[in-house]
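For the numbers below, each heavy atom of this structure counts, side chains included, while hydrogens, waters and symmetry mates do not.
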Amino acid sequence: MQHATVSPSPAIRHALLAASIALGLIAAPSAALAKRTSDKPATTNAPTKKKGVNKVTYQRSSSEETTAERDRRMYRECKGMHNAGACRGYTRK
C-alpha cells in the first residue's frame, strides 16, 4: 500500500512564498536600523574639534586637452547628430 503525498497547489505555494517574503522585508529594516551600542562612554560635554575642508587641486596632464580644444572637437564630432548625450549643446553654434 502506497501513501499518496498531497502537495499544495501552485497558487497556494505562490501565496505562501509571497507572504514569507513580505514578512522578511517587514522584519529586516528594524534589525538594520537598530542603533548599535558602543563600549565607549558618551562625551557630550567636551567640545569636538572639526577638521577643515581641504581643497583638492588636480594637475593637468601634458597630454590632456584644454576646455577650448574639447569644445572645438565636440562641435566638430557632433555636427548633424542628435542633441542628446555627450553631444548635448554641441550640435549647433
Checklist outcome for this item: Sorted by chain and number, sequence neighbours left out, side chain to side chain donor-acceptor pair (under 3.5 Å) with Q59 holds for none
Checklist outcome for this item: Residues at least two apart in sequence or cross-chain that pass side chain to side chain donor-acceptor pair (under 3.5 Å) with S63, listed by chain then number, are S61
Next on the checklist: Using the rule side chain to side chain contact (heavy atoms under 4.5 Å, CB included), only one of R76, K79, M74, M81 pairs with Y90; which is it?
Outcome noted: M74
Checklist outcome for this item: salt bridge (charged side-chain N to carboxylate O under 4.0 Å, His left out) filter on R73, not counting sequence neighbours, yields E65, E77
Checklist outcome for this item: Applying salt bridge (charged side-chain N to carboxylate O under 4.0 Å, His left out) to E69 and not counting sequence neighbours gives none
Item to check | Set of side chain to side chain donor-acceptor pair (under 3.5 Å) partners for N83, sequence neighbours left out | outcome: none
Next on the checklist: Once disulfide (SG to SG under 2.5 Å) is applied, what residue pairs with a partner in residues 52-93 remain, sequence neighbours excluded?
Outcome noted: C78-C87
Item to check | Test side chain to side chain contact (heavy atoms under 4.5 Å, CB included) applied to A84 - qualifying residues, sequence neighbours left out | outcome: none
Hey, can you pull the donor-acceptor pairs under 3.5 Å for the side chains in residues 13-21, sequence neighbours left out?
unit_1 : atom_1 : unit_2 : atom_2 : d
R13    : NE     : P8     : O      : 3.3
S20    : OG     : L16    : O      : 3.3
S20    : OG     : L17    : O      : 2.8

Checklist outcome for this item: Contacts of T67 meeting side chain to side chain contact (heavy atoms under 4.5 Å, CB included) (sequence neighbours excluded), chain-then-number -> R60
